[in-house]
Amino acid sequence: MTTSIERLKARLADYRSIEEAMALLSWDQQTHMPKGGAPARARQLATLSKLAHQTLVSSETADLLAAAEDEAAALDYDADDAAFVRAARRDYDRWAKLPTEWVTTFASTTSQAHHVWEKARAEKDYAAFAPWLTKIIDLCRQRVDYIGYEDRPYDALLDIYEPGMKTAEVGAIFDDLKAGLVPLVQKVLSRAGRTDDSVLHQAYDVDKQWRFGEAIIRDFGYDFERGRQDRSVHPFTTSFSVGDVRITTRFDPNWLAPALFATMHEAGHALYQQNVAQAFEGTILADGASLGVHESQSRLWENIVGRSRGFWGHYYPRLQALFPEQLGNVDVETFYCAVNTVRPSFIRVEADELTYNLHIMLRFELENALLEGDLDVEDAPAAWNDKMEELLGIQPIDDAQGILQDTHWSSGGFGYFPAYSLGNLLSAQLYAKAVADAPDIPDQIARGEFSALLGWMREHVHRHGRKYMPAELVQRATGEPMQARAYMDYLRAKYGAIYGGVRIAAARLASSVARQDRESACDFVFTHVVRSVSRYSVFFVTRRLKPSVNRGKWQARK
């Protein structure tokens, strides 16, 4: 006999299939679709959005859900079916509050707005996009009114991406981050001459960049039998099923960093989607717990792994061989410092680790002001530039460098941006716990092996999909709530070593001892000096100096 839970699964499998078809159309829209297809694509997405909404919030679904909840009450909390019913209730309650007409209008408007944004960004013409932004903000306000909120209007939108989180919580997290980040950024910038990233700003053949990036993410564990990489104006990841998870990136022929680290970033998202439990395929559980948890994976592989000394100790010789003219005379330590150079920059996706969160704070403040009517759309570019001056000390020269740089507002993604900073916090917290459980992870990374790290993430994060709420997943994975301590410890340790004299002191000691003792000397200095910064930071820096000691280069950069 078919149970109510099984019937609900079948009903929501149709809903999920429509969503996946919409994702495929959106992927095509941003990668291969000719510009002339924009009007028809808006109509197609609007139609599918209408069908998906009607399927989810129909009376049939409501009846099945009520019956399934009765059955689920007898199940263990950790049972997959119990989690499925909980997720179905959350989705139904959220979307049932929205009229189908609103859903259709929102899909059509944002689809058209995306193409207007692309053109406006290319032409640095905010005025062309402003009317569409006004429409989208109006739609977001309507959404808030339909959903309701207890404290701030932003709560209703934030909950879409970070279930259970409130605007006040994000504000408190950002206040804590500012308190630690701003002094650290100022201290690092006062020593800016200690690194030089000019080596990254040369002519780099795009096809070679492509091959190198793909080789790295294959090593990470991204399965090209179940995915592919394409180009887009703004890098993104999309999933049509566990067996079809695609990423995109963008290339700069005169700058190595953007495509390389965007590829690693998007691969982090894709690894999450490819490793959701197969039992969840085709169901509403086959997704991430939240965008913040999703971002923890992308930021981990991009930064904690992809910008680490151990990682480049292994991969830099390959990169040198690929670009001998540009890098043949550049040692690995110079390159490692280059990819970790701290410099306030205009473009969020190209920002260094230290200043990145300041970009998110800027958007968080402006989104709240726009949503609550404290900032008019026509005044938003000036407000953006003023806030960038306040937080980063720089002023964009045009709107493409400023308010037009992100695609999120054109897609209606108000409430999305805090997930990036939450992901940064979680990336360090999860990595610290993974290393505590599997201490060989840093040494594996230095050998170009990632099975232990990926295996830990599969077991504790990926396989669960949406089974648990984000706060619950973090508690289960790390044994504590989300916290900023591990992230700040990681930043202080890493950038203290690069900019604070620890790196040079370690190298001088290393150069004064015999070759066979060099590694242990570096270990000693890193372990004991960095431990004075924080007892946690040793996870991230101990024994990572070993592959990169170069006597002459150390002295040259003192």
Side-chain angles (χ1 to χ4, degrees), residues 2-23 45-75 77-107 139-140 142-150 155-166 239 276-277 279-291 293-294 412-416 464-473:
T2 304
T3 67
S4 295
I5 292 177
E6 289 171 340
R7 289 196 294 272
L8 179 63
K9 282 184 178 180
R11 176 71 175 173
L12 294 188
D14 292 342
Y15 164 72
R16 182 71 177 178
S17 293
I18 298 170
E19 280 199 319
E20 290 166 349
M22 290 170 61
L45 287 169
T47 299
L48 289 177
S49 295
K50 177 181 178 180
L51 289 173
H53 186 257
Q54 290 174 336
T55 301
L56 178 61
V57 305
S58 69
S59 58
E60 179 183 349
T61 302
D63 292 342
L64 287 171
L65 179 56
E69 286 178 318
D70 289 341
E71 289 183 356
L75 299 176
Y77 179 84
D78 285 333
D80 290 348
D81 281 351
F84 169 80
V85 173
R86 290 194 298 270
R89 170 55 70 186
R90 290 196 300 272
D91 289 351
Y92 178 86
D93 286 348
R94 176 185 294 138
W95 288 100
K97 295 176 181 178
L98 298 173
T100 298
E101 181 181 359
W102 181 92
V103 173
T104 305
T105 300
F106 185 80
L139 286 167
C140 288
Q142 292 172 24
R143 184 178 211 161
V144 168
D145 290 340
Y146 287 129
I147 293 175
Y149 61 93
E150 296 178 0
D155 292 348
L157 304 181
L158 178 64
D159 186 72
I160 298 169
Y161 307 105
E162 290 303 317
M165 183 161 279
K166 302 297 184 183
S239 173
V276 170
F280 297 160
E281 171 72 340
T283 78
I284 58 173
L285 295 182
D287 210 337
S290 75
L291 275 177
V293 177
H294 237 301
F414 276 70
Y416 188 118
H464 298 299
R466 282 185 67 199
K467 183 173 180 176
Y468 300 113
M469 291 285 279
E472 187 178 9
L473 179 70

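One finds the OG1 atom of Thr104 at 7.5 Å from the CD atom of Glu101 (value rounded to the nearest 0.5 Å). Separating the CG atom in Asp287 from the CZ atom in Arg16 is a distance of 5.0 Å, to the nearest 0.5 Å. Between atom CG of residue Leu291 and atom OH of residue Tyr161 there is a gap of 7.5 Å, rounded to the nearest 0.5 Å.
Scored by the side chain to side chain donor-acceptor pair (under 3.5 Å) test, His294 finds His269, Gln273 as partners (sequence neighbours excluded). Every side-chain contact (heavy atoms from CB on, under 4.5 Å) that Thr61 has, sequence neighbours left out, goes to Leu8, Arg11, Leu12, Ser58, Tyr92. Partners of Lys9 according to the side chain to side chain donor-acceptor pair (under 3.5 Å) rule, which considers only residues two or more places apart in sequence or in another chain, are Asp81. By the side chain to side chain donor-acceptor pair (under 3.5 Å) test, Lys166 is found to be paired with no residue, residues two or more places apart in sequence or in another chain being considered. With sequence neighbours left out, Arg94 forms a salt bridge (Lys or Arg N to Asp or Glu O under 4.0 Å) with Asp159. Remark: Tyr15 pairs with no residue by the ring pair (Phe, Tyr, Trp, His ring centres under 6.0 Å) rule, at least two apart or across chains.
A donor-acceptor pair is defined here as one N or O able to donate and one able to accept, closer than 3.5 Å; no such pair exists between the side chain of Arg7 and the backbone of Leu64. A donor-acceptor pair under 3.5 Å links the side-chain atoms of Glu71 to the main chain of Ser4, judged by distance alone. In this structure, Arg143 contributes its side chain and Leu157 its backbone to no donor-acceptor pair below 3.5 Å. Judged by distance alone, with hydrogens and angles left aside, the side-chain atoms of Lys467 form no donor-acceptor pair with the main-chain N or O of Leu473 at under 3.5 Å. Within the 3.5 Å criterion, the main-chain N or O of His53 finds no donor-acceptor partner in the side chain of Trp95.
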*Dump the intermediate steps for side-chain contact (heavy atoms from CB on, under 4.5 Å) on Ile160 and Tyr416, then the final yes or no.*
CA-CA 8 Å; Ile160 298 169; Tyr416 188 118; over 6 Å; no
*Begin with the C-alpha distance, continue with both residues' side-chain angles, and end with the deciding distance and a verdict on side-chain contact (heavy atoms from CB on, under 4.5 Å) for Glu472 and His464.*
CA-CA 11 Å; Glu472 187 178 9; His464 298 299; over 6 Å; no
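In this structure, Tyr146 and Pro99 have side chains that are in contact, with non-hydrogen atoms separated by less than 4.5 Å.
Between Ser290 and Glu162, the shortest heavy-atom contact is OG-OE1, 3.1 Å. Contact detail for Leu75 and Ala82: the closest heavy-atom pair is CD1-N, 3.8 Å. The shortest non-hydrogen separation linking Val85 to Leu65 is O-CD1, 4.1 Å. In this structure, Asp91 and Leu56 approach most closely via the heavy-atom pair O-CD2, 4.0 Å. Nearest heavy-atom pair, Ala83 versus Leu285, reported as atom, atom and distance to 0.1 Å: O-CD2, 4.0 Å. Contact record, Pro470 with Ala289: CD-O, 3.8 Å, taken as the closest heavy-atom pair.
The aromatic rings of Tyr468 and Tyr77 lie parallel to each other, with less than 30° between the two planes, well short of the 60° mark.
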